[in-house]
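Here the structure is laid out as structure tokens; the discussion comes afterwards.
Computed from a prediction, not measured in an experiment: that's the story for all the values here.
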Amino acid sequence: MNLPAGSSLSRATALAGPFDAAGHRRDLEAALAAAETAARWIPALSVERLVLVGGGEAQLLAQPALDLVGRTSRLASFALASEEARIGLPPERAPGTLVLLSAPDPDLAETFAARGAAVWTLAPMAPEALCLQALAWAVHLLAARGEIAAPDAVREGLAALSCALGPAKAAFEPEAARLAARLRAEPYQIVTGAGGAWPVAHRFALSALERGLRLPARPVHAADFFHGTLELVEPGVSLLLVKGEDALRPLALRVERFVGRYTDRLRIVDAAAAELPGLGPRLRALATPVILAALLERVEAHLGPPAPRPGD
């Protein structure tokens with residue numbers, strides 16, 4: 001099933017102006033509504049595997065949803081880039097497969113459906129709204145399969161997040177402006193995170209810094225940091241650490257302890273700093289990528305246009 005396209009993921013949206021709290025809440029409510037339509041469709045499915053298909057930032061923002069299913073469900077689950085999926089999912093494996101497209105791709109959706117796969121397409125939205133939509137979709141899938149505890153409480157928590165995240169994002173605005181100015185002044189940037197923070201950190205490095213600012217960036221998972229990247233850390237090196245609140249937070253803390261000994265340019269965006277009244281630890285852990293995508297969107301909004309290149 002393909003949902004109608006919504007707003008684009010382009011950086012132009014982020015640069016359009018100051019934070020719009022009312023519009024932000026509408027976006028998050030639309031994300032939950034888009035996922036809710038899947039709740040009426042999923043129970044009729046009989047599937048053996050889930051495949052997340054897409055590319056770029058949409059694929060990264062949907063990755064936490066796939067990770068949730070992988071941790072919780074008996075379904076086999078994996079991700080494929082769109083180009084891989086065109087040749088990498090044999091027709092005989094399509095029946096029994098649920099394909100989640102992270103962005104609209106009508107040709108690919110038609111191909112999978114013709115082979116007998118069930119197909120669902122996420123509606124394009126701003127970063128945290130897309131991430132929330134995908135997570136809510138995954139919760140509906142797990143609830144239909146009886147594979148998540150207290151699903152109603154989880155859904156209520158995600159609805160509460162759509163109300164609480166706007167004020168937290170607005171409160172972060174001054175820090176976002178300061179951080180953006182510091183990042184913009186650097187010649188290159190290491191970006192790291194773990195758990196639900198990692199796909200969001202990865203997306204920020206690729207889309208906001210490299211594509212949007214033309215700033216060389218090195219995204220590295222916190223689990224891989226000590227397998228090479230630590231050798232790059234010395235006085236004057238800038239590192240952005242994106243910290244979540246899930247079970248892999250200790251990996252980020254380990255990087256923080258190490259890097260703080262060697263450079264004074266360690267910058268941190270921490271989901272734990274966001275005040276979200278009424279959200280308990282379980283929901284905050286689940287919502288880590290949504291929270292961080294919201295905070296980093298404001299940093300991105302303050303980065304400004306890229307420096308001109310010769311010949312521009």
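In this structure, Val99 and Ala117 approach most closely via the heavy-atom pair CG2-CB, 4.2 Å. Across every non-hydrogen atom of Ala159 and Ser162, the tightest pair is O-OG, 2.5 Å. Taking every heavy atom of both residues into account, Ala222 and Arg254 meet most closely at O-NH2, 4.2 Å. Nearest heavy atoms, Ala129 versus Ala31: O-CB, 3.2 Å. Considering every non-hydrogen atom in both Val200 and Pro289, the closest pair reads CG2-O, 3.4 Å. Listed here is the closest heavy atom pair of Lys243 and Ala252: CG-CB, 3.9 Å.
Trp198 is not connected to Leu295 by any chain of hydrophobic side-chain contacts under 4.5 Å among Ile, Leu, Val, Met, Phe, Trp and Tyr, and they are in different clusters. Taking hydrophobic clusters as Ile, Leu, Val, Met, Phe, Trp and Tyr residues chained together by side-chain heavy-atom distances below 4.5 Å, Val242 does not share a cluster with Val233. Criterion: ILVMFWY side-chain heavy atoms under 4.5 Å apart, direct or through other members. Under it, Leu286 and Leu248 are not part of a common hydrophobic cluster. Each of Leu292 and Leu206 belongs to its own hydrophobic cluster when Ile, Leu, Val, Met, Phe, Trp and Tyr are linked at side-chain heavy-atom distances under 4.5 angstrom. Criterion: ILVMFWY side-chain heavy atoms under 4.5 Å apart, direct or through other members. Under it, Ile268 and Val191 are not part of a common hydrophobic cluster.
Ionic pairing of Arg249 and Asp270 is present here: one or more N-O contacts between side-chain nitrogen and carboxylate oxygen are shorter than 4.0 angstrom. A salt bridge is defined here as a Lys NZ or Arg NE, NH1 or NH2 lying under 4.0 Å from an Asp or Glu carboxylate O, and Glu256 with Arg261 fails to meet this definition. A salt bridge is defined here as a Lys NZ or Arg NE, NH1 or NH2 lying under 4.0 Å from an Asp or Glu carboxylate O, and Arg155 with Glu36 fails to meet this definition. The pair Asp20-Lys169 does not meet the salt-bridge criterion, since no charged nitrogen lies less than 4.0 angstrom from a carboxylate oxygen. Between Arg25 and Glu29 there is a salt bridge, with a side-chain nitrogen of the basic residue lying less than 4.0 Å from a carboxylate oxygen of the acidic one. With respect to Glu300 and Arg203, a salt bridge is recorded, a charged nitrogen being found less than 4.0 Å from a carboxylate O.
Interatomic distance, Leu276 CG to Leu283 CG, rounded to the nearest 0.5 Å: 10.0 Å. For the atom pair OG of Ser73 and CD1 of Ile148, the computed distance is 10.5 Å after rounding to the nearest 0.5 Å. Here the CD-CZ distance, from Glu147 to Arg71, works out to 13.5 Å after rounding to the nearest 0.5 Å. The CD1 atom of Ile42 lies 5.0 Å from the CH2 atom of Trp137; values are rounded to the nearest 0.5 Å. Taken from CG in Leu239 to OH in Tyr188, the straight-line distance is 9.5 Å, to the nearest 0.5 Å. The CG atom of Leu100 sits 11.5 Å away from the OG atom of Ser77 when rounded to the nearest 0.5 Å.
Side-chain contact between Leu232 and Val237 is absent, with no heavy-atom pair separated by less than 4.5 Å. Under the 4.5 Å side-chain criterion, counting only non-hydrogen atoms from C-beta, Thr229 is in contact with Arg218. Between Asp264 and Pro235 there is no side-chain heavy-atom pair separated by less than 4.5 Å. Side-chain contact check for Leu61 versus Ser102: every heavy-atom pair is 4.5 Å or farther apart. Taking the side chain as every heavy atom from C-beta outward, Val259 and Phe225 approach each other to under 4.5 Å. Side-chain atoms of Leu241 and Leu266, non-hydrogen and from C-beta on, do get closer than 4.5 Å to each other. Between Thr97 and Val47 there is no side-chain heavy-atom pair separated by less than 4.5 Å. Side-chain contact check for Ser82 versus Leu108: some heavy-atom pair is nearer than 4.5 Å.
In terms of modelled atom types and a separation under 3.5 Å, the side chain of Arg265 and the main chain of Gly236 share a donor-acceptor contact. Distance alone, capped at 3.5 Å, is enough to place a donor-acceptor pair between the Glu210 side chain and the Ala217 backbone. Put simply, the side chain of Ser207 never gets that close to the backbone of Phe204: no donor and acceptor are under 3.5 Å apart. Within the 3.5 Å criterion, the main-chain N or O of Ala271 finds a donor-acceptor partner in the side chain of Arg284. Checked by atom type and distance alone, the side chain of Glu84 pairs as donor or acceptor with a backbone atom of Ala81 at under 3.5 Å.
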Quick one: do Gln63 and His202 satisfy side chain to side chain contact (heavy atoms under 4.5 Å, CB included)? Show the steps, please.
CA-CA 11 Å; Gln63 182 66 43; His202 193 177; over 6 Å; no
Does Ile190 form a side chain to side chain contact (heavy atoms under 4.5 Å, CB included) with Leu240? I'd like the steps, not just the answer.
CA-CA 6 Å; Ile190 299 171; Leu240 175 64; over 6 Å; no
Run the side-chain hydrogen bond (donor to acceptor under 3.5 Å, both in side chains) check on Ser238 and Arg267 step by step: do they pass?
CA-CA 8 Å; Ser238 180; Arg267 284 80 186 236; 2.9 Å; yes
Start with the C-alpha distance between Leu183 and Gln189, add both sets of side-chain angles, then the distance that settles side chain to side chain contact (heavy atoms under 4.5 Å, CB included), and finish with yes or no.
CA-CA 8 Å; Leu183 294 179; Gln189 187 69 42; 3.3 Å; yes
Take Leu28 and Glu128 through the side chain to side chain contact (heavy atoms under 4.5 Å, CB included) test and state the conclusion after the steps.
CA-CA 8 Å; Leu28 296 184; Glu128 66 264 38; 4.0 Å; yes
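Using bins of under 30°, 30° to 60° and over 60° for the plane-to-plane angle, the ring pair Trp41/Trp120 lands in the tilted bin.
Residues that satisfy the salt bridge (Lys or Arg N to Asp or Glu O under 4.0 Å) test with Arg178, not counting sequence neighbours, are Glu175.
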